[in-house]
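Each chain gets a letter, A, B and so on, in the order its sequence line appears, and its residues count up from 1. Below, all heavy atoms of this structure are taken into account, side chains as well, without hydrogens, waters or symmetry copies.
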Amino acid sequence: MRGSARPAQLLKQGCPGLDAVSPDAYKSGSDFNRLNLASMHDLRSIRDNPAAFDAGLARRGLSAQSGDILALDQRRRALQTEFQELQARRNEASKLIGAYKKEGKDAQPLLDEVAALKEKMPALEQQEKELGVELDGILASLPNLPADDVPEGKDEHDNVEIRRVGTPVEIAGAKQHFELGEALGLMSFDAAAKLSGARFTVLRGKLARLERALGDFMLDIQTNEFGFEEVSPPLLVKDDAAFGTAQLPKFTEDLFQTTNGFWLIPTAEVPLTNLVNDAILDSDELPLRFTARTPCFRSEAGSAGRDTRGMIRQHQFYKVEMVSITRPDQSQAEHERMTDAAETVLKRLGLPFRTVKLCTGDMGFSAQKTYDIEVWLPGQGMYREISSCSNCGDFQARRMKARFRAKGEKNTQFLHTLNGSGLAVGRCLIAVLENYQQPDGSILVPEALRPYMGGLERITA
RNA sequence: GGAGAGGUGGCGGAGUGGUCGAACGCGUCGGUCUCGAAAACCGAAGUACCCGCAAGGGUACCGUGGGUUCGAAUCCCACCCUCUCCGCCA
C-alpha cells in the first residue's frame with residue numbers, strides 16, 4: 001500500500017551538504033513543519049544588497065554568508081521554475097485527457113507524455129525541497145542584524161551608558177539579599193534545594209507577599225498607565241511558538257522541555273509575541289500592547305558557576321513582560337516608550353538604576369537594538385540587569401508570519417515586534433531588599449508598594 | 001481515558017474524481033442613485049512563491065504529512081486539532 005517504486009527513486013538523488021540544520025533537528029514531539037521559504041531574513045533584500053547583509057553579520061562577529069545563501073537561492077529557484085513548468089504541462093495535459101476521454105478521442109499520446117514528465121518530477125521536487133531546507137537552515141540560524149545606531153563592541157564592557165537615574169546610597173556594611181532574607185527567616189535556599197536542587201528559592205511570609213506585591217504593582221503600572229493589555233498565557237508552548245521568537249532552532253539547551261515535547265517558556269515574550277503569529281492585522285489596530293506576569297524557566301546550562309549564591313540566577317522566576325506589536329514606522333518610538341515603562345517601575349520604587357544601550361556583541365539573537373536597565377545593588381556594590389528591552393524589527397514577525405495591511409493597500413507587510421521586561425520580579429525583590437535594608441536587618445517597604453502590602457511599612461523577622 | 005462528530009476563503013456554508021481558488025449568503029471595499037444616508041443595483045476582493053523591464057503568465061495552498069490517479073477539496077493511510085456525551089479531576 002505504501003509507495004512502491006517512488007522511495008528508491010528519491011534515494012538515488014542524494015543531496016550533498018544536507019547535514020545543516022534540518023527542521024527535525026530540534027527534537028521530536030510536535031509537528032514542526034512550518035518552515036517557509038524566504039522567511040527569517042528577507043531573501044530579496046539579500047539579493048538586492050548582499051554587501052549590506054554581510055556587513056551586518058560582520059558587526060555581529062560573523063562571517064559573510066550572502067555568497068552561500070545566494071548560490072543556494074539561485075539553484076533553488078532554477079529548480080523551482082523548472083519543476084513548475086513541468087507541473088504546468090502536466091496540468092494542461094491532464095485537462096486535455098479528460099476532454100479527450102469525454103469526446104472519445106485517443107488520449108494515449110497524452111498519457112505517455114505525462115508519464116514521461118512524471119519520470120523527472122519527483123527528483124526535481126526532492127532536490128528543490130532539500131535546497132530549501134538547507135537554505136532555511138542557514139537563514140534560521142543567523143541572528144538579526146543590528147540597527148545602525150547600535151555601538152560596535154565585543155561584550156558587555158562595550159555597552160554605552162545612556163542615562164543614570166537616582167544616586168546609589170552608601171550603606172555601611174551593606175548586606176546581600178540572601179544574607180538579609182535568610183536572617184529574616186523568610187528566604188531559604190536549603191529548603192528549595194531539598195525540593196528541587198540548586199538555583200531555586202523558597203520565599204515565605206512577607207517576602208512571598210513582597211514578590212506578589214511587586215508583580216501586581218508592575219502590572220498595574222503597565223496596564224493603567226502604559227496601555228498594555230494584561231494576558232494570562234500558557235506556560236508550555238509548541239515548537240512553532242519557540243521558533244517564532246527564535247528560541248529555536250539554536251537555543252534548545254537553554255530551555256526545559258517536557259517529555260511530550262512542550263517547551264517551558266523562558267519568558268512570556270514567547271506566548272505574547274506569538275499571539276499574532278500567522279495573522280494579518282489591520283494597520284489601524286496597531287500598536288498592540290500585551291503584558292503578563294508569568295514564571296520563566298531557564299536551564300542556565302551555560303552559566304555553571306555564575307551567580308550561584310542567592311536568587312540572582314534561578315531556574316524559575318517571575319517576570320512581568322511587555323510585548324508590543326507595531327508597524328515598522330512605529331517601532332523606534334515604541335522602543336523608547338517601552339523602556340520608559342520599565343524605568344517607571346524603578347523610579348516609583350526609588351531604586352537607582354542606569355540604562356545602557358547594548359553593543360553589537362552583547363545583543364540577543366532576535367534583537368535589532370536593545371536597552372538594558374541595570375538596578376543598583378548595594379550589597380553587591382554594582383549595577384545588575386533587571387530589564388532588557390528590545391526592538392526585534394521584523395525578524396520575529398517573518399519567522400511567525402505576522403503581517404499587517406495598511407489601509408487601502410493591497411500588499412501585506414511584516415510587523416515589528418518588541419519585548420521588554422517590566423520588570424524581572426525576582427531581581428526587583430533583591431533590589432528592594434538591598435536598597436531598603438536597615439541596620440537592624442529589617443527591610444523598609446518602599447512607599448509606593450505599601451498599598452500592595454496591606455499597608456505594611458517594614459518587614460521584620 | 002471511553003464513544004461519537006467535524007476541520008473549506010473575514011464569517012456562515014455548499015461542494016464526494018476533471019473547466020473548483022472553490023457555488024451561495026453575510027460582512028468588507030469601489031461605484032450608481034440621493035441634499036445626505038438607508039435600501040436597491042453594478043462591480044471589486046484570499047495568501048505565498050516563481051518567470052517577466054512591463055503587460056502578463058505560471059505554481060502551490062480546502063487542518064498537517066504521505067499515498068492512489070493522466071487528474072484530488074473530493075478516494076486511501078497516518079498524525080494534529082476542535083466540538084459533543086460519559087468517566088475522572090484542579
Pairing residues for His177(A) by the ring-ring contact (aromatic ring centres under 6.0 Å, His included) criterion, not counting sequence neighbours: none

For residues 184-194 of chain A, run the donor-acceptor check on the side chains, cut-off 3.5 Å, and write out each pair with its distance to 0.1 Å, sequence neighbours left out.
residue	atom	partner	partner atom	Å
Ser188(A)	OG	Asp190(A)	N	3.4
Ser188(A)	OG	Ala191(A)	N	2.9

G25(B) to A78(B) separation - P atoms, rounded to the nearest Å: 39 Å

Non-neighbouring partners of Phe395(A) that pass ring-ring contact (aromatic ring centres under 6.0 Å, His included), sequence neighbours left out: His41(A), Phe365(A)

Selection from U47(B), C49(B), C51(B) that lies nearest to any side-chain heavy atom of Arg44(A): C49(B)

Of residues 103-116 of chain A, the positions that come close to RNA chain B - non-hydrogen atoms, cut-off under 4.0 Å: Leu111(A), Val114(A)

Separation of the P atoms in C50(B) and C42(B), to the nearest angstrom: 39 Å

Interatomic distance at P, U82(B) relative to A45(B), whole Å: 36 Å

Intra- and inter-strand pairs of RNA chain B in dot-bracket (Watson-Crick or G-U wobble, both distances under 3.5 Å; | for another strand): ((((((((.[[[..)..(.....]]].(((((.......))))).((((((....)))))).[[[[[..)....]]]]])))))))....

ring-ring contact (aromatic ring centres under 6.0 Å, His included) partners for Phe404(A), two or more places apart: none

Residue pair Asp282(A), Arg405(A): steps toward the salt bridge (Lys or Arg N to Asp or Glu O under 4.0 Å) verdict: CA-CA 5 Å; Asp282(A) 289 332; Arg405(A) 197 191 317 272; 5.6 Å; no

Pairs meeting criterion salt bridge (charged side-chain N to carboxylate O under 4.0 Å, His left out) with involvement of residues 283-299 of chain A, two or more places apart: Asp216(A)-Arg293(A), Asp284(A)-Lys407(A), Arg289(A)-Glu334(A)

Gap in Å between the two P atoms, one belonging to G71(B) and one to U59(B), rounded: 15 Å

Results of side chain to side chain contact (heavy atoms under 4.5 Å, CB included) for Arg309(A) - residues two or more places apart only: Phe178(A), Glu182(A)

Euclidean distance for C1', U28(B) against G10(B) (whole angstrom): 8 Å

Pairs involving residues 214-235 of chain A, ordered by first then second residue, that meet ring-ring contact (aromatic ring centres under 6.0 Å, His included) (sequence neighbours left out): Phe217(A)-Tyr452(A)

Protein-to-nucleotide contact annotation, 5' to 3' order, nucleotides 53-60 of chain B [B base; S sugar-phosphate only; - none; under 4.0 Å, heavy atom]: -----BBS

Check: U69(B) base within 3.5 Å donor-acceptor of Lys118(A) side chain: no

Distance, P atom - from G63(B) to A72(B), rounded to whole angstrom: 16 Å

Partners passing side chain to side chain contact (heavy atoms under 4.5 Å, CB included) against Glu113(A) (at least two apart in sequence or in another chain): Arg89(A), Leu110(A)

Among C51(B), U47(B), G18(B), the one nearest Thr81(A) by side-chain distance: C51(B)

Donor-acceptor contact present, side-chain Thr326(A) to main-chain Gln330(A), <3.5 Å: no

Residue pairs fulfilling salt bridge (charged side-chain N to carboxylate O under 4.0 Å, His left out) with at least one residue in residues 101-110 of chain A, sequence neighbours excluded: Glu103(A)-Lys105(A)

Euclidean distance for C1', A48(B) against G9(B) (whole angstrom): 15 Å

